[in-house]
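To start, the structure itself, in structure tokens.
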Amino acid sequence: AEFGILFEYRQNGQFCANHTLGIPKSFKKWLDDQGVFTASPRTGLGRMDALRKVVNIMDVKSENIYRTDDPLRYATADLGGARSFVAIPMLAGETLVGAFTIYRQTVWPFSDDTTRHAQMFAAQSVIALENARMIKAMLEVGQ
């Protein structure tokens, strides 16, 4: 993967890109400007939200949504230069807490092995996010 994003899930299809690595500057700026945004159910992130399963897209520009005015797909494909994409749900039990996403700027689908490794990372990230939330809550109560 050329870049990756860890999205925090807020609720009702809303996400916030909290952590990025290797992301193109124009895509990062777009995400920063958006803050919390709603992912359309037709996007990979939106489908992952609805299904609570891994969504692996071979070519983001080949899907019909690319030919619409969807802002997330535009930013992903045109600002980020993404072609292949995987969204992995970050679940705490049955609750979606985020998404771990990886991107390639060439059409080269992610293998099952790569996806499994990313799922392990996503599971570890859930633990870290939940611990951070608990620490924040404890600090707020202690004030």
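Applying the ring-ring contact (aromatic ring centres under 6.0 Å, His included) test to residues at least two apart or on different chains, none of the pairs has a partner in residues 49-78. Applying the side-chain hydrogen bond (donor to acceptor under 3.5 Å, both in side chains) test to residues at least two apart or on different chains, the pairs with a partner in residues 41-51 are Tyr9-Asp49, Arg47-Glu63, Asp49-Arg52.
Checked against side-chain hydrogen bond (donor to acceptor under 3.5 Å, both in side chains), Thr114 has the following partners two or more places apart in sequence or in another chain: Ser111. With sequence neighbours left out, the salt bridge (Lys or Arg N to Asp or Glu O under 4.0 Å) criterion links Asp59 to Arg83. Residues forming a side chain to side chain contact (heavy atoms under 4.5 Å, CB included) with Gln34 (at least two apart in sequence, or on another chain): Trp30, Phe37. Listed by chain and number, the residues in a side-chain hydrogen bond (donor to acceptor under 3.5 Å, both in side chains) with Asp32 are Lys28 (sequence neighbours excluded). Remark: Tyr103 engages Phe3, Phe85 in a ring pair (Phe, Tyr, Trp, His ring centres under 6.0 Å) (not counting sequence neighbours). Residues that satisfy the side-chain hydrogen bond (donor to acceptor under 3.5 Å, both in side chains) test with Asp113, not counting sequence neighbours, are absent from this structure. By the side-chain hydrogen bond (donor to acceptor under 3.5 Å, both in side chains) test, Asn64 pairs with Arg67, sequence neighbours left out.
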Side-chain donor-acceptor contacts of residues 122-131 below 3.5 Å, not counting sequence neighbours, with atom names and distances?
from   : atom 1 : to     : atom 2 : distance (Å)
Ser125 : OG     : Phe121 : O      : 3.0
Glu130 : OE2    : Arg133 : NH1    : 3.3
Asn131 : ND2    : Ile127 : O      : 3.4

Could you tabulate the donor-acceptor pairs under 3.5 Å formed by side-chain atoms of residues 14-26, not counting sequence neighbours?
from  : atom 1 : to    : atom 2 : distance (Å)
Asn18 : ND2    : Glu8  : OE1    : 2.4
Ser26 : OG     : Leu79 : O      : 3.0

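Proximity of Ser84 to Ile57: side-chain heavy atoms (C-beta onward) are nowhere separated by under 4.5 Å.
Connectivity analysis of hydrophobic side chains (ILVMFWY, heavy atoms under 4.5 Å, direct or indirect) links Met120 to nothing; its cluster partners are none.
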